[in-house]
K.L.:
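A single structure is presented below for examination.
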Amino acid sequence: MQPQVAVIMGSKSDLPILKGAFQVLEDFGVSYTARVMSAHRTPAAATEFASNAAANGIKVMICAAGMAAHLAGVIAAHTTLPVIGIPVASEPFNGLDSLLSTVQMPPGIPVATVTAGKAGGKNAALYAVSILALSNSELAAKLQDFRAEQTRQVIEADAELQEELKK
Ligand code: RP5
């Protein structure tokens, strides 16, 4: 199936952050491709990929990078597709460097920045699903079901806690 979402990581060392994203995309039946491409180490490949993404049928791009995390911004500079950035935590600043590098885009080139770390991987994929669901009612229904199930689990956890506190 032609990929609808492109997931790009600045280094293969970022992969653990993206496992949750892959899982979400698979759970929702969204086709994706994943690549290692760096804004700094392979700039020509990254910009070429971004420039051709829309023509290749990609609808949303997810970019994960750490340190001076320019990947999402550089990708966004070369496409008008929605770009979601995941800041990857790295030493010695624990991801604050990645967060600011990803989120502080100049006006005109937006990057939708999600939570740093593993939660960001999951949220980036969910956000991509939300965008795709705007024009896909089946996906929109799955997203509603996901939210309902998540709510049910929290209510169940609260009920369990109340029982434990009675003991
Ligand atoms: C960034 O530098 C990558 O996204 C990664 O988070 C960080 C470190 O890269 P490696 O030294 O692990 O390749 O470009």
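Counting convention: from 1, in listed order, for ligands and their atoms alike.
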K.L.:
Which heavy-atom pair separates Pro3 from Thr33 by the least distance, and what is that distance?
P.N.:
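Looking at all heavy atoms of both residues, the closest pair is CB-N, 3.6 Å.
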K.L.:
Step by step, work out the side chain to side chain contact (heavy atoms under 4.5 Å, CB included) result for Phe146 and Asp27.
P.N.:
CA-CA 10 Å; Phe146 167 83; Asp27 289 348; over 6 Å; no
K.L.:
Report the C-alpha distance between Glu160 and Glu163 in whole Å, list the side-chain angles of each, state the deciding distance to 0.1 Å, and finish with yes or no for side chain to side chain contact (heavy atoms under 4.5 Å, CB included).
P.N.:
CA-CA 5 Å; Glu160 281 171 16; Glu163 284 304 315; 5.7 Å; no
K.L.:
Short question: side chain of Asp14, backbone of Gly10 - any donor-acceptor pair under 3.5 Å?
P.N.:
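Judged by distance alone, yes, a pair lies under 3.5 Å.
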K.L.:
So do the side chains of Phe49 and Thr42 get within less than 4.5 Å of each other, counting heavy atoms only?
P.N.:
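A side-chain contact is absent here, since even the closest heavy-atom pair is not under 4.5 Å.
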K.L.:
If you look at each N/O of ligand 1, which protein N/O atoms lie under 3.5 Å away, and at what distance?
P.N.:
| unit_1 | atom_1 | unit_2 | atom_2 | d |
| --- | --- | --- | --- | --- |
| ligand 1 | 4 (O) | Asp14 | OD2 | 2.6 |
| ligand 1 | 4 (O) | Gly66 | N | 3.1 |
| ligand 1 | 6 (O) | Asp14 | OD1 | 2.6 |
| ligand 1 | 6 (O) | Gly66 | N | 3.1 |
| ligand 1 | 11 (O) | Arg41 | NH2 | 3.4 |
| ligand 1 | 12 (O) | Ser11 | OG | 3.4 |
| ligand 1 | 12 (O) | Ser13 | OG | 2.6 |
| ligand 1 | 13 (O) | Ser11 | OG | 2.7 |
| ligand 1 | 13 (O) | Arg41 | NH1 | 2.9 |

K.L.:
Which atoms form the tightest heavy-atom contact between Gly85 and Ala72, and what is the distance?
P.N.:
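Gly85 and Ala72 have their closest heavy atoms at CA-CB, 3.9 Å.
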